[in-house]
Amino acid sequence: MSVLPRSFYARPTVQVAQDLLGCFLVHEINGKQLIGKIVETEAYCGSIDPASHAYKKTPRSAPMYGSVGHAYIYFIYGNHYCFNVVARSKNEIAGGVLVRAVEPIVGIEIMKKNRNFLPSARPECFAKAKCIKGISNGPGKLTQAFGISKDCNQIDLTKKEKLYIIKKERSEPIITTKRIGIKKATDKLWRFCIEKNEWASK
DNA sequence: CCGGTGATGCCCT
DNA sequence: GGGCATCACCGGT
């Protein structure tokens, strides 16, 4: 159960995005642990990547220029947050990895509550067991399930405190695709998923 | 929703 | 003109 060290994040953003697959995202909230296995990520390569917030340095994107291993969280579409980790090698100027989906491991009942996934609230959903997949299979869904919001922005993920990431237990085959929901740099194959994992988005 | 952007306006100099 | 504040609008990892 060791936390990923700073050196893990001080490597090329694309590499970190791949290596985060299988690692465990932990959020400790109200004395309870929420844990999910990272199954889908996307790399955003800062100043060379027109799809990245960090393509230009602005007050919002500044964290992606800051210390690697910290969280970068932003609010989007008026209703959800996205969770990124700052990662880049020495010769990159800015960069981050968007965590797009996790497989729930610990604290599933709390996640259901956070997502309003109670049988009483979603009878039609619970009719088909499949629907539970929707608990954390998207960037906005997983932050809601994990109770991650703006106040987690810039947290140091290498400190085992409130929000951190634990090393993976084993490597698994991954698949590489184009990134989702962007208009620029759509040719880059910077989305990564654990192969045959049913908790990824889409 | 809310940050980025470009437009507008005001005042200094 | 140029620096800065305000504002409306737009589009979103």
Side-chain angles (χ1 to χ4, degrees), chain A residues 4 8-23 25 27 36-89 92-103 114-116 133-155 157 163 165 174-194 197 199-202:
Chain A
L4 293 175
F8 176 90
Y9 300 101
R11 300 181 298 138
T13 311
V14 168
Q15 175 113 46
V16 174
Q18 296 175 64
D19 291 348
L20 275 171
L21 294 174
C23 296
L25 176 66
H27 191 199
K37 178 172 151 183
I38 297 171
V39 301
E40 178 180 346
T41 60
E42 284 178 357
Y44 284 87
C45 298
S47 48
I48 61 157
D49 180 2
S52 171
H53 287 172
Y55 188 53
K56 288 176 187 161
K57 190 172 182 181
T58 66
R60 179 177 58 159
S61 68
M64 290 176 85
Y65 287 76
S67 173
V68 299
H70 287 240
Y72 167 52
I73 291 160
Y74 62 87
F75 189 62
I76 197 173
Y77 300 144
N79 33 328
H80 66 265
Y81 293 94
C82 291
F83 169 71
N84 304 250
V85 303
V86 179
R88 65 177 179 282
S89 66
E92 294 171 302
I93 295 166
V97 176
L98 171 66
V99 177
R100 288 190 50 93
V102 303
E103 174 181 339
N114 289 344
R115 293 269 299 125
N116 198 23
K133 296 284 155 57
I135 200 167
S136 59
N137 65 347
K141 296 177 186 177
L142 79 89
T143 52
Q144 188 183 13
F146 274 64
I148 293 172
S149 65
K150 197 87 179 192
D151 51 348
C152 294
N153 196 21
Q154 301 200 69
I155 282 182
L157 301 166
L163 185 66
I165 304 177
I174 68 174
I175 58 171
T176 298
T177 74
K178 292 178 180 179
R179 293 177 293 179
I180 292 176
I182 54 170
K183 296 227 178 81
K184 298 166 188 165
T186 51
D187 56 320
K188 298 282 191 277
L189 298 171
W190 286 345
R191 173 173 174 260
F192 308 100
C193 302
I194 293 181
N197 186 292
W199 295 90
S201 71
K202 215 172 128 194

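Just so it is clear, the values below take in all heavy atoms, side chains as well, and ignore hydrogens, waters and symmetry mates. Below, chains carry the letters A, B, ... as their sequence lines are ordered, and counting in each starts from 1.
Considering only side-chain atoms of A:Phe75, the nucleotide from B:dG4, C:dG12, B:dC1 that sits closest is B:dC1. Side chain of A:Lys150, nearest nucleotide from B:dG3, C:dG12, B:dC1: B:dG3. Looking at the side chain of A:Thr58, the nearest of the listed nucleotides B:dG4, C:dG12, B:dT5 is B:dG4.
A:Lys57 places its NZ atom 14 Å from the P atom of B:dT5, with the value rounded to the nearest Å. In this entry the distance linking CD of A:Glu42 with C1' of C:dG12 reads 14 Å, nearest Å. In this structure, CD1 of A:Ile73 is placed 17 Å from C1' of C:dG12, rounded to the nearest angstrom. The OH-C1' distance, from A:Tyr55 to B:dG4, rounds to 15 Å in whole Å. Between the C1' atom of C:dG11 and the NE2 atom of A:His80 lies a distance of 13 Å, rounded to the nearest Å. The distance from atom NZ of A:Lys183 to atom C1' of C:dC10 is 11 Å, rounded to the nearest whole Å. With rounding to whole Å, A:Tyr74 atom OH is found 12 Å from C:dG12 atom P. C:dG11 atom P lies 11 Å from atom NZ of A:Lys184, rounded to whole Å.
Residue A:Ile135 holds its CD1 atom at 9.0 Å from CZ of A:Phe146, rounded to the nearest 0.5 Å. Put simply, OG on A:Ser47 and CZ on A:Arg88 are 9.0 Å apart, with the number rounded to the nearest 0.5 Å.
A:Phe83 comes within contact range of no nucleotide atom at all, as no heavy-atom separation falls under 4.0 Å. Looking at heavy-atom distances under 4.0 Å, A:Leu98 makes contact with a base. Looking at heavy-atom distances under 4.0 Å, A:Arg60 makes contact with sugar-phosphate atoms alone, never a base.
Contact check, A:Lys56 against B:dG4: no side-chain N or O comes under 4.0 Å of OP1 or OP2.
When ring centroids are compared, A:Phe83 and A:Tyr81 stay outside the 6.0 Å threshold.
Geometric assessment of A:Lys133 against the ring of A:Trp199 yields a positive cation-pi assignment under the 6.0 Å and 45° thresholds.
Side chain of A:Glu92 to main chain of A:Cys45: no donor-acceptor pair is present (N/O by atom type, distance under 3.5 Å, no hydrogens or angles).
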